[in-house]
Amino acid sequence: MAAAAACLPLFLLLLLLLISPLIIASTAQQTPQELLLDFKASLADPSGALSSWSRATPYCNWAHVACASATASAGAAVSVSLSLQGLGLSGDLNASSLCRVPGLAALSLASNAFNQTIPLELARCASLAALNLSAGAFWGPLPEQLAALASLVSLDLSRNSIEGQVPAGLAALGGLQVLNLGGNLLSGVLHPALFTNLTSLHLLDLSGNRFLESELPRELGEMRSLRWLSLRGSGFSGVIPESFLGLEQLQVLDLSMNSLAGVVPPGFGLKLQKLMTLDLSQNGLSGPFPEEIARCTMLQRFEVHGNAFTGELPAGLWSLPDLRVIRAHSNRFTGRLPEFPGGQSRLEQVQIDNNSFSGGIPQSIGAVRTMYRFSASLNELNGSLPGNLCDSPAMSIINISRNSLSGTIPEFKNCKRLVSLYLAGNGFTGPIPASLGDLPVLTYIDLSSNGLTGGIPTQLLNLKLALLNVSYNQLSGRVPPSLVAELPALFLQGNPGLCGPGLPNDCDAPSSRKHQGLALAATVVSFLTGVALLAVGAFAVCKRLVHGSESTPWKLVLFHPVKITGEELFAGFQDKNVIGRGAFGKVYLIVLQDGQSVAVKRLVNSSKLTFRAVKNEMKVMARIRHKHIAKMLGFCYSEGEVSIIYDYLQRGSLQDLICAPKFTIGWKERVRIALGIAQGLEHLHNDHTPQVLHRDLKSSNVLLGDEFEARVTGFGIDRVVGEMAYQCSMASDLNYKCYVAPEQGCTKKPTHLMDVYSFGVILLELVTGKPAEQRASDDSVDIVRWVRRRVNVTDGAAQILDPSISSTAKQGMQAALELALRCTSVMHDQRPAMDEVVRSLQALCFGAHAETPRPTEIDL
Ligand SMILES: *[C@@H]1O[C@H](CO)[C@@H](O)[C@H](O)[C@H]1NC(C)=O
Ligand SMILES: *[C@@H]1O[C@H](CO)[C@@H](O)[C@H](O)[C@H]1NC(C)=O
Ligand SMILES: *[C@@H]1O[C@H](CO)[C@@H](O)[C@H](O)[C@H]1NC(C)=O
Ligand SMILES: *[C@@H]1O[C@H](CO)[C@@H](O)[C@H](O)[C@H]1NC(C)=O
Ligand SMILES: *[C@@H]1O[C@H](CO)[C@@H](O)[C@H](O)[C@H]1NC(C)=O
Ligand SMILES: *[C@@H]1O[C@H](CO)[C@@H](O)[C@H](O)[C@H]1NC(C)=O
Ligand SMILES: *[C@@H]1O[C@H](CO)[C@@H](O)[C@H](O)[C@H]1NC(C)=O
Ligand SMILES: *[C@@H]1O[C@H](CO)[C@@H](O)[C@H](O)[C@H]1NC(C)=O
Ligand SMILES: *[C@@H]1O[C@H](CO)[C@@H](O)[C@H](O)[C@H]1NC(C)=O
Ligand SMILES: *[C@@H]1O[C@H](CO)[C@@H](O)[C@H](O)[C@H]1NC(C)=O
């Protein structure tokens, strides 16, 4: 036996030696068809993109194969192109048979999932003119062997994970016109021969190789045919060599996001007659920009932002006939802005923020018909605003914040496309023009920190605003209430004369109330459209009547038909109706006129979110329908607080039950309750995207029906009060600390495993029959620690398990205890997910129902 085993490799070797000449002999005669099928065999083709490749049809008819009659010099009858990009291919690519296909001229394997190094056999594809491996998930070094591809014209290896140096040998590819190595992990210094020899290159892309550590090579200037040069974000340093002045064919020059320093060589632009895009942004370049750039008459984009340029922008630049984009922000440019040749300019974007430009805003801006964005904040511009500033039919964004502009804000009449108007931090005076309310798409208005006077025009209500910042002016009068209610972001502070909800000043002039009613009626109409989206939607608006003089408007939104009025709601907020107190406020039980009971959770400190935001969150929660989730019937919103209305169940909360003088329900019911909670929680976790987390699970948030069916309530409060207030309230609430997972304080992102912890605590309550927090007793230690202290002592279980339950249930209780201990594990990754908890409890539940076994339903 042993001898035979030892002989086996020898035998195999012999066999191999015998047959290998046969293989070579047979492959030598393989047809292109067979060679291609060999190649296909090395590929994994999960989507069957190459299924048409078969012996039955000539290969020129196969999908993704193209044949053309070859030029005489190619030495083959046809030239073959394989376009295999984006086919989801992977596998152990082996090109050695492929390269023997006569006349193979082009190979694209781009956008596939090869996850391997670049196959060295590719070097044998002698006739290859174009090789494209872009985004093919290739990694490892760039093989020097590719230098053998003497016919290569285009080499695209971009967007892979190719690392190491660019081999100097590639300099042998004298015919190369396209070399794209962008978006890889290449490193080290580039060999000068690469530039001196590759003189035919039209396109050179080395962008996004942040580990290259090169000075910008002087030799680049010798690549006289270059049209497209991108070295963006590739770790280049040093100065821009003078040799660049001679790249006369350049159309695109992108040197952005490197560490270039020094000045742009004088004369730059003189010979670049074809330059269309110039991007030198985000470097450390300094000095004035050479005037000669104005000779680049085809220039469309001029991007030099994020450098330290000084002096004036070349005057001729502004009037270049094709120029669309000037981005020169965050430099130290000075001087005045020129008037534009309004009739001819094709400028679309001017971004010159954060410089030291001075003087007035050119009167001609409004006359540039293509102008879309004018952004010149943080400069020293002075004078008044031209009345035609946004007369361009395309103008959408104006930002001239933080200059020294003055005068009144003109009546902008023609700004049909204006979306953003930022005039903050200037010296504007006079009123906010009411005509702003007529601009159809105006969405963001920042007029803060000026000297504006008068009121906030009600016409602004016509707009679908997302931001209105009028803080720190001298505005006065009543803030339109619906503006407050509807706007996601409204900033009013620093205007002592303003009054209204949420402001230090209440406008309690009685005469104003009627107006308010009208304004509210108007709001109802606009909200109704939103609310009608819900299947069952009723809607009412009520004014706060009960609590004194404030006239804050309330909005009551109902998702189910409930006969409740605002008056009833507020009349019910009395201490005698309090049935619970939690981190976020009190819970009231209110019995309505038709006898229905509702539980109302009144959230203090919930003023942060706007009505719209709250409504959106509530809609999400109202859509959650599950037999173990308490129905959210509706909510009431006002500036300052939100109350959520839930269906109430007659037995009250689980906490009531556990804390009652005698907690006597049997084990069967307890398992039922636990399973219900677990199923409700599992539904929240698993049936919604994005996942809904409860984040405040405790026995007082579990309501019980007549048959002890549990309904989980109080979830997602964090979405209503906001994360900050949620964190603060949870931290300040000492009563329910023990439900909170230990990692809560130290991790930023809440997880479902925190809910699992809280569930585990409830399960411990059910198993022990003790409330989670035992206040003012000898045993004033929380239940988790109480249980952990007893778990490993002899006869500990006897101390832990609720003695009021008959010993026949002991086995099930023991299993539940173990589950609860896993759920309350300190290490979150050792806690089970809710679906596993549900399965364990189901098994227990059927155990607890041992008298009626239904084994067919156990599906584990
Ligand atoms: C590629 O396939 C050939 C036969 O077609 C084989 O000789 C060679 O070893 C293979 N190369 C690799 C790297 O698998
Ligand atoms: C690539 O292959 C390696 C093992 O060869 C594997 O560990 C890795 O997950 C793969 N990467 C991708 C993106 O498939
Ligand atoms: C390489 O293939 C990709 C994907 O098909 C394509 O976008 C890219 O232009 C190709 N490169 C060259 C140089 O043709
Ligand atoms: C550069 O080209 C010259 C002649 O064209 C050749 O002799 C030399 O070997 C090339 N350099 C490299 C590094 O391939
Ligand atoms: C203004 O530009 C300087 C560089 O010139 C930069 O450091 C700073 O962050 C910029 N400030 C803003 C607000 O963009
Ligand atoms: C307007 O400019 C200010 C100051 O530079 C800046 O903080 C703000 O984000 C800009 N707004 C827009 C919409 O670009
Ligand atoms: C704007 O400032 C310049 C000085 O930078 C001053 O000469 C000019 O009078 C000012 N113009 C206005 C309208 O205030
Ligand atoms: C509103 O304006 C004030 C004063 O200019 C500023 O501090 C605040 O950041 C602005 N708020 C927003 C959201 O733009
Ligand atoms: C409400 O917020 C105030 C201040 O932000 C804080 O002092 C108070 O404790 C909070 N109340 C509750 C119940 O969290
Ligand atoms: C209980 O004992 C087991 C081993 O018997 C141990 O693995 C476990 O950590 C102990 N648990 C506690 C809470 O001490």
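All ligand and atom numbering here is 1-based and tracks the order in the structure.
Listed by atom number, the atoms of ligand 3 under 4.0 Å from Q85 heavy atoms are 5 (O). In summary, the atoms of ligand 3 found under 4.0 Å from a heavy atom of S154, numbered by their order in the structure, are 13 (C).
Close N/O approach between R332 and ligand 5 is not found [any backbone or side-chain N/O within under 3.5 Å]. Between S108 and ligand 3, not a single N/O pair is under 3.5 Å apart. Close N/O approach between S134 and ligand 3 is not found [any backbone or side-chain N/O within under 3.5 Å].
With a 4.5 Å cut-off on side-chain heavy atoms, D156 and V178 do not count as touching. Looking at L452 and I409, their side chains come closer than 4.5 Å, going by heavy atoms from C-beta outward.
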For ligand 8, list every N/O pair with the protein closer than 3.5 Å, one pair per line with the distance.
unit_1	atom_1	unit_2	atom_2	d
ligand 8	2 (O)	S448	OG	3.0
ligand 8	2 (O)	N469	OD1	3.1
ligand 8	2 (O)	N469	ND2	2.3
ligand 8	2 (O)	S471	OG	3.2
ligand 8	5 (O)	S448	OG	2.8
ligand 8	5 (O)	S449	OG	3.2
ligand 8	11 (N)	N469	ND2	2.8
ligand 8	14 (O)	N469	ND2	3.4

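A donor-acceptor pair is defined here as one N or O able to donate and one able to accept, closer than 3.5 Å; no such pair exists between the side chain of N379 and the backbone of N403.
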Distance-only donor-acceptor hits, side chain of residues 255-264, under 3.5 Å, sequence neighbours excluded:
unit_1	atom_1	unit_2	atom_2	d
S256	OG	R232	NH1	2.7
S256	OG	D254	OD1	2.7
N258	OD1	S234	N	2.9
N258	OD1	G235	N	3.1
N258	OD1	F236	N	3.0
N258	ND2	L231	O	2.8
N258	ND2	L255	O	3.0
N258	ND2	S256	O	3.2

Inset, instruction - Could you walk me through whether S151 and S127 pass the side chain to side chain donor-acceptor pair (under 3.5 Å) test, one step at a time? - result: CA-CA 6 Å; S151 322; S127 54; over 6 Å; no
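With sequence neighbours excluded, the residues forming a side-chain hydrogen bond (donor to acceptor under 3.5 Å, both in side chains) with R719 are E617, listed by chain and number. Take S449 and apply the side-chain hydrogen bond (donor to acceptor under 3.5 Å, both in side chains) test, not counting sequence neighbours, and it matches no residue.
In terms of heavy atoms, L50 sits closest to D45 at N-OD2, 2.8 Å.
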